[in-house]
Amino acid sequence: MASLQLTDLNPFLLKSHTTRNTTRTRFIIPRASLSNDSSVSKTRRELMAETAMAAAVTVPLGLAKEARADGLPPLSEWERVYLPIDPGVVLLDISFVPDEPTHGFLLGTRQTLLETKDGGNTWNPRSIPSAEDEDFNYRFNSISFKGKEGWIVGKPAILLHTSNGGDSWERIPLSSQLPGDMVYIKATGEKSAEMVTDEGAIYVTSNQGYNWKAAVQETVSATLNRTVSSGISGASYYTGTFNTVNRSPDGRYVAVSSRGNFYLTWEPGQLFWQPHNRAVARRIQNMGWRADGGLWLLARGGGLYLSKGTGITEDFEEVQVQSRGFGILDVGFRSKEEAWAAGGSGVLLKTTNGGKNWSRDKAADNIAANLYSVKFLDEGKGFVLGNDGVLLKYMG
């Protein structure tokens, strides 16, 4: 297996396989079911999965409104979906099969992989036999579909691929010298995907994961330490990882350094990540792309900023929000005008004018969880993901 040398200025291939018949292992993820053979011993995870499914029978998994002790109305545009998972699970990503709009998958910590076939109203556990054999407790970070072809990445290093809408998955071997942990993957076309690690490595494949080619020539640490005179605060002798990374629909990336003291951008065709000084006094919590192509920036402590104009810039202006002193953790745009922001202790904010003004959904105040991620898959399908297995579904 070829080793990775990111400092090599020449493009290279990460060889995941030698031949299709020798190193590529295929396995099937079965539907959740119980064995008829009572003599067969069950693993701890199997027992936990059965217990969770049994609990799902007694507690409705469909759309359930939050009970309000203070008499306030329930969420007007969101409903909570109760999941058959253990308390303490942090939900990390969600994706639906484009060819089957009601068929989707939900990922999280503690090897959480759930499946829905009714648009997200109910969810059932899926298991991965190879993960059971290895006795790892995987954190599934990212999932993406294009047609019926899908990809999942996680930590410790694991890459899964399906070509039949998730009915079965195969595991693709990876080099042990992969720099950093895989935090994001995007299905970009037939047999094609783009993968990012938390050290800034970007790889692309066009042959279903058999080979991966580097899109950048070195890690972020190498770039920053090579350009110590760049004037980027906190970049000199930098060692660390990304705190967050977000991709625009046209393939541009914005990432926040692990300490939040600067951010980086990358556009297709660039050989290196481009570092930027933060334009705000407080450290950066997260950054992402608006629907109009501009940037949003979240500062620690609840600050929300929007870039002036579109594209990559260091010019931002603050927008006043009512976050109750809790940090805002993510923003998701439903359209160019409507967006939602979510954060600590159930903070949920809405804008209907592109981010100029925000109103707080007080009905979400009693949700005892941090809301980490806002995902709008299209204008009619949106979800908010949180810790302790909290999932909110957009009702409109």
* Asked: What do the steps show when you test R171 against I158 for side-chain contact (heavy atoms from CB on, under 4.5 Å), and what is the final call?
  -> CA-CA 7 Å; R171 182 167 180 177; I158 186 170; 3.7 Å; yes

* Go through S307 and R290 one step at a time and tell me if the side-chain hydrogen bond (donor to acceptor under 3.5 Å, both in side chains) criterion holds. => CA-CA 9 Å; S307 65; R290 304 196 305 262; 3.1 Å; yes

* Output, in order, the C-alpha distance, side-chain angles, deciding distance and verdict of salt bridge (charged side-chain N to carboxylate O under 4.0 Å, His left out) for D99 and K148. => CA-CA 6 Å; D99 293 352; K148 287 184 175 293; 5.1 Å; no

* Asked: Going through the checks in order, is the side-chain hydrogen bond (donor to acceptor under 3.5 Å, both in side chains) test met by T122 and N124?
  -> CA-CA 7 Å; T122 58; N124 295 308; 5.4 Å; no

* Pair N211-T205, side-chain contact (heavy atoms from CB on, under 4.5 Å): steps then yes or no -> CA-CA 6 Å; N211 303 101; T205 183; 5.5 Å; no

* Apply side-chain contact (heavy atoms from CB on, under 4.5 Å) to L392 and E79, showing your working. => CA-CA 5 Å; L392 305 181; E79 292 280 5; over 6 Å; no

* Would you check, one step at a time, whether the test side-chain hydrogen bond (donor to acceptor under 3.5 Å, both in side chains) holds for N286 with T244? => CA-CA 6 Å; N286 194 5; T244 64; 2.9 Å; yes

* Mind running ring-ring contact (aromatic ring centres under 6.0 Å, His included) on W169 and F105 for me, showing each step along the way? => CA-CA 13 Å; W169 295 82; F105 293 85; 5.7 Å; yes

* Worked verdict on R334 versus E77 for salt bridge (charged side-chain N to carboxylate O under 4.0 Å, His left out) -> CA-CA 13 Å; R334 178 172 172 263; E77 297 181 75; over 6 Å; no

* Assess whether side-chain hydrogen bond (donor to acceptor under 3.5 Å, both in side chains) is satisfied between N164 and T162, documenting all intermediate values. => CA-CA 6 Å; N164 56 14; T162 179; 2.7 Å; yes

* Asked: Stepwise, does the side-chain contact (heavy atoms from CB on, under 4.5 Å) test hold for L159 with I185?
  -> CA-CA 10 Å; L159 174 62; I185 194 161; 3.7 Å; yes

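Taken to the nearest 0.5 Å, the CD1 atom of I152 stands 5.0 Å off from the CG atom of L113.
For the pair V220/E199, no side-chain contact is recorded, criterion being any heavy-atom separation below 4.5 Å from C-beta on. Contact check for Q111 versus F140: side-chain heavy atoms found under the 4.5 Å cut-off. By the 4.5 Å heavy-atom criterion applied to side chains, L304 and E318 are not counted as neighbours. Within the 4.5 Å cutoff, the side chain of P275 has heavy atoms near those of the L224 side chain. Between V196 and Y203 there is no side-chain heavy-atom pair separated by less than 4.5 Å. Residues Y253 and V245 are in side-chain contact: their nearest non-hydrogen atoms beyond the backbone lie under 4.5 Å apart. In this structure, P101 and K381 have side chains that are in contact, with non-hydrogen atoms separated by less than 4.5 Å. The shortest side-chain heavy-atom distance between F272 and V216 does not fall under the 4.5 Å cut-off.
Applying the 6.0 Å contact sphere to NZ of K350 captures more than 12 heavy atoms from other residues, nucleotides or ligands.
Under the 4.5 Å side-chain heavy-atom criterion for ILVMFWY residues, a single connected hydrophobic cluster contains both I172 and V153. Taking hydrophobic clusters as Ile, Leu, Val, Met, Phe, Trp and Tyr residues chained together by side-chain heavy-atom distances below 4.5 Å, V256 shares a cluster with V254. Under the 4.5 Å side-chain heavy-atom criterion for ILVMFWY residues, a single connected hydrophobic cluster contains both F96 and L385. When hydrophobic clusters are built by joining Ile, Leu, Val, Met, Phe, Trp and Tyr residues whose side-chain heavy atoms come closer than 4.5 Å, directly or via intermediates, L298 is not grouped with I284. When hydrophobic clusters are built by joining Ile, Leu, Val, Met, Phe, Trp and Tyr residues whose side-chain heavy atoms come closer than 4.5 Å, directly or via intermediates, L349 is not grouped with V374.
The two residues M182 and N141 make their nearest non-hydrogen contact at O-ND2, 3.0 Å. In terms of heavy atoms, G382 sits closest to F376 at CA-CD2, 3.6 Å. Shown here for T112 and L114, the closest heavy-atom pair between the two residues is CG2-CG, 4.1 Å. The nearest pair of heavy atoms linking N387 to A369 is OD1-CB, 3.1 Å. Taking each heavy atom of P98 and F145 in turn, the nearest pair found is CD-CB, 3.6 Å. Taking both residues in full, the closest heavy atoms of K308 and T313 are given as O-CG2, 4.4 Å, listed atom of the first, atom of the second, then distance.
Ring centers of Y263 and W273: at least 6.0 Å apart, outside the cut-off. When ring centroids are compared, W340 and F383 stay outside the 6.0 Å threshold. Close placement of the Y394 and W78 rings is indicated, their centers lying within 6.0 Å of each other.
Side chains of H103 and T116: no donor on one and acceptor on the other come within 3.5 Å.
No salt bridge links E190 with K146; every basic N to acidic carboxylate O contact stays at or beyond 4.0 Å. By the 4.0 Å N-to-carboxylate-O rule, K117 lies too far from E100 to be salt-bridged with it. Salt bridge present: E115 and R126 bring a charged side-chain N and a carboxylate O closer than 4.0 Å. A salt bridge is absent between D292 and K336: the closest approach of a Lys/Arg side-chain nitrogen to an acidic carboxylate oxygen does not fall below 4.0 angstrom.
Proximity of a side-chain donor or acceptor of T197 to a complementary backbone N or O of P179 within less than 3.5 Å is detected. The backbone N or O of S345 sits less than 3.5 Å from a side-chain atom of N370, completing a donor-acceptor pair. A donor-acceptor pair under 3.5 Å links the side-chain atoms of N243 to the main chain of Q285, judged by distance alone. When atom types are taken as modelled, the side chain of D378 and the backbone of G380 share a donor-acceptor pair closer than 3.5 angstrom.
With sequence neighbours excluded, the residues satisfying side chain to side chain contact (heavy atoms under 4.5 Å, CB included) with N353 are E337, T351, K356, N357.
Taking the six-membered ring where tryptophan is involved, the planes of Y138 and F136 are perpendicular, since the angle between them exceeds 60° and thus also 30°.
For the salt bridge (Lys or Arg N to Asp or Glu O under 4.0 Å) with E194, the lone residue among R252, K213, K186, R247 that qualifies is R247.
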Please tabulate, for side-chain N and O atoms in residues 87-94, each donor-acceptor pair with protein atoms closer than 3.5 Å (sequence neighbours left out).
from : atom 1 : to   : atom 2 : distance (Å)
D93  : OD1    : K375 : NZ     : 3.4
D93  : OD2    : I143 : N      : 2.9

